[in-house]
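This report concerns only the one structure given below.
Start at 1 and go down the list; that is how both ligands and their atoms are numbered.
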Amino acid sequence: MEAVFSTSKRKLLLEIAWEVCNQVGGIYTVIRSKVPAMVEKWDDNYVALGPYFPQRAAAEFEPITDSDETEIGQTVRKMRQLGYRVEYGYWLVTGRPRVVLFDISSITPDQLNKIKTDLWINYQLSTLNVEDLVNQTIAFGEMVRLFITLLAEDHARRVDFVAHFHEWMASTGLPDLRRDNVKVATVFTTHATMLGRYLAQNEPGFYGKLPFFDWKREAQHYGIDCQATIERLSALQAHVFTTVSDVTARECEVFLGRNPDLVLPNGLNVTRFAAVHEFQNLHVRYKQKIHEFVMGHFFQSYSFDLEKTLYFFTSGRFEFTNKGYDLTLEALARLNYRMREAGMDMTVVMFMVTKQPYTSINPDVLHSRALLDEIQETCESIEKQVGERLFQAAASDPQGTALPDLNNFVDEYWRLRLRRTVQSWKTKHLPPFVTHNLVQEDDMTRFIQKANLVNNEFDRVKIVYHPDFIASTNPLFGLDYSQFVRGCHLGVFPSYYEPWGYTPLECVVRGIPTVTSDQSGFGDFIMQIMRDYENRGIYVINRRTQSFEEAADQLADVLYRFVRMAQRDRIQQRNRVESIADVFDWSSLRSYYDTAHDLALKRRKP
Ligand code: G6P
Ligand code: 1S3
């Protein structure tokens, strides 16, 4: 009998995620940034599977229209003949892999009910009253299951298939693949546990209580029984179960009933400049854009020396305690106090970037910005006029000795216009600490007010709460996120719950120092692989054994020391941070994935 899995057979990897061609959060970054490294190893034998949402796919998907006789092409045709809508083409990202996207609307309500009944009968998985997203993922999971089943039925004699599922949202069909003994080696990666996310946010002293939680009871309590059960079934049934960090691995045993076989750290597709000074130059260029925002935002009320101003930022989804926004604000309040006590003339502007419901950008903020632009245009006109007239005067001056009075070169019109614009711009109000009109007050605004970080002139720490992610279309900065990061001096991410956390890593690869925590996967990883991380501009806050108060003190210390650094030291530190970027390139970190796939194939072999 022909062995189904033999070492000589071709191998084909399917990577399955809800975020393939569909950006929601961090998993999109994992898959997309990893594509070039995957394609380098797997070439045409790498295929990504995701859901089909026409509007989202429009920007990053190109269909294959020619007849395609590969195993994937044939199976897509078979699914279509069975009446399912399946899109097949290329994902238009670096590496251009093949993708199969499943239109979940081709699962009828009757079919969905039947799938849900079977999930109950086979796995006691209750889907009563679940949110619509869960229904969508069940439809997606079923189409993925069917696709892999057909693929393996027809081609497993010649090809070894590995299916790598990311998160429960992609894996509702995984238990059936195992039950039906479909010839595919399976890997399941969880990027967080549902229960961890909820409990860390709501249960004080979460980590201390971790070993004692009853997963089922908590899942029912938080109304996430279905999601948590899918996650658990997937973890238990996959040939290889993995997560993104040791931090999350600790939760897996308790919530999912299985220790991960492997930890697969997250990387990025790192592009480094040939010359070091290039990324330093970019820092200056984008800092200038941030200066413009700061002038527009603050200088109508009062001004400060931009040469002595540092830009700190945090960015992430609005999980107030999980992302450590509470700790960050507390530490900033302490920093403000210390800077004032020490009589420092430095200013720190802290950008709190996240996403919360708002009605519009605050019109006053926009108006102030527009007036500043007008002042700038007026100054440029004056500059041009003065330049031209000075040139004429200098050329026609017989002696060429005295510098004429430049004021005489400015028309009355421009003088008045400048004066009027500046006067109409100035205000006695304090600069707002939030840039948008929020639908309602939230934990951030309440904390800022409680800590009295309301942008008083005497405060050394200013707050700009920007409740929308940064995009180049945003009129306030005119920068994309990556440029914004480059223009800042320090990223601050002392998370309490963070399976990995891309944000500090995104700083590192751009040569910007960053604060992280030992409860984040990234922070934990850096502590394992590097001794002198602090010297390299990665500050790890101890949130594992310290109380909130102690951690806030530690963070305030770190920030205070950073503020006191000389510019020369900051420049050198940026060089040191940037020099470790390669560690996080997928060309180094892909090997963890290779190990997982090899192990799954080995375990799947009869
Ligand atoms: C880069 C540039 C320098 C500039 C410095 C500002 O290193 O190459 O010309 O002086 O950035 O650094 P700072 O930390 O003050 O923004
Ligand atoms: C998760 O996304 P999140 O922000 O919901 O997955 C990311 C990718 O692995 C990870 O970086 C992050 O910590 C997790 O929380």
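With a heavy-atom cut-off of 4.0 Å, Gln280 touches ligand 1 through backbone and side chain alike. With a 4.0 Å cut-off on non-hydrogen atoms, His489 touches ligand 1 through its side chain and not its backbone.
Short contacts between ligand 1 and Arg570, defined as distances under 4.0 Å to a heavy atom of the residue, involve ligand atoms 13 (P), 14 (O), 15 (O). Atoms of ligand 1 lying under 4.0 Å from at least one heavy atom of Val284, given by number and element, are 1 (C), 2 (C), 4 (C), 11 (O). Less than 4.0 angstrom separates some heavy atom of Val30 from each of these atoms of ligand 2: 8 (C), 9 (O). Those atoms of ligand 2 with a heavy atom of Lys323 less than 4.0 angstrom away are 4 (O).
Side-chain rings of Phe298 and Phe293 stay apart, their centers remaining 6.0 Å or farther from each other. A ring-centre distance under 6.0 Å is not found for Phe447 and Tyr325. In this structure, Phe304 has its ring center under 6.0 Å from that of Phe299. Residues His164 and Tyr593 bring their aromatic ring centres within 6.0 Å. Outside the 6.0 Å centre-distance limit, the rings of Phe522 and Phe493 are not counted as a close aromatic pair. For Tyr496 and Phe548, the gap between ring centers reaches or exceeds 6.0 Å.
Taking atom 11 (O) of ligand 1 as the reference point, the nearest protein heavy-atom neighbour is Arg574 NH2, 3.1 Å. Shortest contact from atom 16 (O) of ligand 1 to any protein heavy atom: His283 NE2, 2.6 Å. Scanning the protein for heavy atoms near atom 10 (O) of ligand 1, the closest one is Gln567 NE2, 3.6 Å. Summary of contacts: the protein heavy atom closest to atom 12 (C) of ligand 2 is Glu498 OE2, 3.7 Å.
Arg334 and Glu330 are joined by a salt bridge, as a carboxylate oxygen and a charged side-chain nitrogen come within less than 4.0 angstrom of each other. Here Glu498 does not pair with Arg543 in a salt bridge; the nearest charged N to carboxylate O distance is not below 4.0 Å.
Under the 4.0 angstrom criterion for non-hydrogen atoms, Ala192 is not in contact with ligand 2.
Thr189 and Thr242 are linked by a side-chain donor-acceptor pair at a separation below 3.5 angstrom, with hydrogens and angles left out of the test.
The nearest non-hydrogen atom to atom 11 (O) of ligand 2, considering only Gly26, Gly501, Ser520, comes from Gly501. Within the set Glu167, Arg317, Glu319, His191, the minimum heavy-atom distance to atom 14 (C) of ligand 2 is found for His191.
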